[in-house]
Amino acid sequence: MTLIKAIAKAESMEGVLNLIFRLENLGVDMYDTICNDTISFLCKQKCPLAATEVYMVLRKNQLLVTCKSYYSILKGLIDDGKIWLSQLLIGSFMKDYGIAEPKLSNILLCYLSLKDINSALCFLSKMKDNDSSVTFPVCALKVLMKTGRFLAAYELVMGAKHNLPVMEMVDYSIIVDGLCKEGYPVKALNLCAFVKKMGVVFNIITYNSVINGLCRQGCLVEAFRLFDSLEKINLIPSEITYATLIDNLCKEGYLVDAKKLLERMLLKGYNGNTRIYNSFIHGYCKFGQLEEALMILDHMEIKYHDPDEFTVSSVIYGFCQKGDMEGALGFYFEHKGKGIPPDFLGFLHLIRGLCAKGRMEEARNILREMLQSQSVKELINSVNTEVETESIESILVFLCEQGSIKEAVTVLNEVSPVFFPVEKWFGPFHESQKTAATFRVEWF
DNA sequence: GTAGGGTTAG
């Protein structure tokens, strides 16, 4: 076993398998135990396919495949989404151990929940009738969460009500978080209430996720209501709680309220960070208050929070909004000199602004610098896998060298929304009405 | 299986 582990650590699964095959030919004692141990080890190393090969060796020699081996291979295969292969193994597992074997029941539940959550629940209730030790499938939930089916997980929990197994706080939290990300913050709140009744206590991270989910759906009022109720459940808002709310206030143009909230946060002993100040800078720039944004920038530097790519890009955006290309260029060169270049959108604003003024040669120079920026390259190349033709980067380089700046900008405008989707909360699952437009903060 | 998992940007 030590040798096998050593070979596997060298990431040579073929080496492990070769060794197994040689041991087989030598007719070594305890061969079946070695194979079962190897299966367990390979699964821990997240190599269920290699483990399956060892399993085949056991089958071929009509040796005992332990329940644990079946379980760990199947779990690995299901986690990897290798459904077709797991189907074959489940058949043998059932033949060898019978349906009442707890590990098999768990795997079946995972497997069924992947295909059809209702049949999983049906199976579960049947197993309960047989007085089996099967509990509600936490593993089924994990499968659902891993495959992003948070609604199904939600319905599973809410539907099971009193037949719930002991679930840990984080298990619930992942569902809550998933629901928020999918745009179901109200369902997430329902789940929170339910969980509270079960006596499970969430920490602030979960509530941060819900607050963010509500904001993303445009439910700022509800988000603040939740924020205000945190005290009642003895939870102290974290810096991220404040950051989330501040960012959303800034986005909506409630900069005065955002500032009040920032003051409140500082009073609680938090220091603020670059990200929080970026929210302000971006908000001020978006609403045409460039001077305010620049004041925040100064303030930031006094507080030793270093500006970053986002900061620089936001300020450039602010200058461009005003049509002040000298200001934008000056700011760009100054920060480039300090080693803080803008990111994709910062460059794009700069180039668009220059083009709008007919300053094509300067736009071309900036485009050239943009295409040399590491972060821009990484971003652009991250979509290339889906495009079969030439890479976007090479197209842009070509257009730049040709001097076809307008065409290059067209390409950039096309790819930009892929990286920075806008208007998040107008998706198909709009749970509650957007209330931000009539919203004012009333804590003072 | 018996640790760790889950949160903020245009």
Side-chain angles (χ1 to χ4, degrees), chain A residues 40 43-44 46 67-76 79 102-103 106-107 110 135 138-139 141-142 145-146 150 153 166-181 185 188 191-192 195 200 202-216 223 226-227 230 235 237-252 258 261 265 270 272-287 293 307-318 320-321 342-349 379 416-424:
Chain A
S40 157
C43 290
K44 272 186 200 150
K46 305 229 177 291
C67 192
K68 192 182 157 194
S69 290
Y70 272 119
Y71 182 75
S72 45
I73 298 177
L74 279 167
K75 211 164 163 319
D79 281 352
K103 278 195 161 54
N106 270 328
I107 282 295
C110 289
T135 58
V138 181
C139 76
L141 274 180
K142 288 187 180 173
M145 290 184 269
K146 264 187 201 151
F150 299 102
V166 179
M167 276 173 68
E168 285 178 48
M169 179 268 277
V170 187
D171 294 320
Y172 288 114
S173 178
I174 294 171
I175 307 178
V176 169
D177 184 50
L179 287 169
C180 291
K181 289 213 172 83
L191 186 55
C192 284
V195 166
V200 175
F202 282 135
N203 64 22
I204 189 66
I205 295 179
T206 310
Y207 285 99
N208 284 347
S209 180
V210 179
I211 287 174
N212 185 42
L214 286 166
C215 290
R216 282 164 67 125
L226 182 56
F227 173 70
L230 288 178
L235 278 180
S238 71
E239 198 157 8
I240 292 181
T241 322
Y242 287 101
T244 304
L245 290 167
I246 286 174
D247 186 60
N248 283 283
L249 287 172
C250 290
K251 254 187 234 163
E252 295 295 318
L261 189 55
M265 184 192 97
Y270 293 114
N273 55 40
T274 298
R275 219 165 154 138
I276 289 175
Y277 288 104
N278 280 347
S279 294
F280 281 98
I281 292 177
H282 195 268
Y284 279 125
C285 288
K286 183 174 169 185
F287 294 97
D308 61 11
E309 290 194 342
F310 190 104
T311 324
V312 174
S313 299
S314 295
V315 177
I316 288 177
Y317 166 62
C320 294
Q321 283 257 91
D343 60 15
F344 180 92
L345 275 187
F347 275 115
L348 185 52
H349 284 128
L379 194 67
S416 170
V418 178
F419 309 126
F420 308 97
V422 281
E423 296 188 306
K424 286 178 205 165

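Protein chains get the first letters and strands the later ones, always in sequence-line order, with residue 1 at the start of each. Note that these values count all heavy atoms, side chains included, but never hydrogens, waters or copies made by symmetry.
You'll find a donor-acceptor pair under 3.5 Å spanning the side chain of A:Thr206 and the base of B:dG6, going by distance alone. For a distance-only test at 3.5 Å, the side chain of A:Asp171 qualifies as a donor-acceptor partner of the base of B:dG5. A donor-acceptor contact under 3.5 Å links the side chain of A:Asn278 to the base of B:dA9.
With a 4.5 Å cut-off on side-chain heavy atoms, A:Arg216 and A:Asn212 count as touching. When side chains are defined from C-beta on, A:Tyr207 does not count as touching A:Thr241, because their heavy atoms never get closer than 4.5 Å.
Checked against A:Ile276 for a side-chain contact (heavy atoms from CB on, under 4.5 Å), the options A:Ile240, A:Thr244, A:Ile246 give a single hit: A:Ile246.
A:Arg275 has no side-chain polar atom (N or O) that falls below the 4.0 Å cut-off from OP1 or OP2 of B:dT8. Between B:dG1 and A:Lys68, a contact under 4.0 Å exists linking OP1 or OP2 to a side-chain N or O. The shortest distance between the side-chain N/O atoms of A:Lys103 and the OP1/OP2 oxygens of B:dG1 is not below 4.0 Å.
Between the NZ atom of A:Lys251 and the P atom of B:dG10 there is a distance of 4 Å, given to the nearest Å. Distance A:Tyr242 OH to B:dT7 P: 21 Å, rounded to the nearest Å. Straight-line distance from the CG atom of A:Asp177 to the P atom of B:dG4: 20 Å, rounded to whole Å. Rounded to a whole Å, the CD1 atom of A:Ile281 is 21 Å from the P atom of B:dT8. A:Glu309 places its CD atom 16 Å from the P atom of B:dG10, with the value rounded to the nearest Å. Counting to the nearest Å, the C1' atom of B:dA9 and the NZ atom of A:Lys286 are 11 Å from each other. In this structure, A:Ile73 atom CD1 and B:dG1 atom P are separated by 13 Å, rounded to whole Å. The separation between A:Leu261 atom CG and B:dT8 atom P is 18 Å, rounded to whole Å.
The same atom, P, is picked in B:dA3 and in B:dT7; the two are 23 Å apart, to the nearest Å. As rounded to the nearest Å, B:dG1 and B:dG5 have C1' atoms that lie 14 Å from one another.
Stacking of the aromatic ring of A:Phe310 onto the base of B:dA9 is found: the ring centres lie under 5.5 Å apart and the planes are inclined by under 30°.
The aromatic rings of A:Tyr242 and A:Phe227 stand perpendicular to each other, their planes meeting at an angle above 60°, with 30° marking the opposite boundary.
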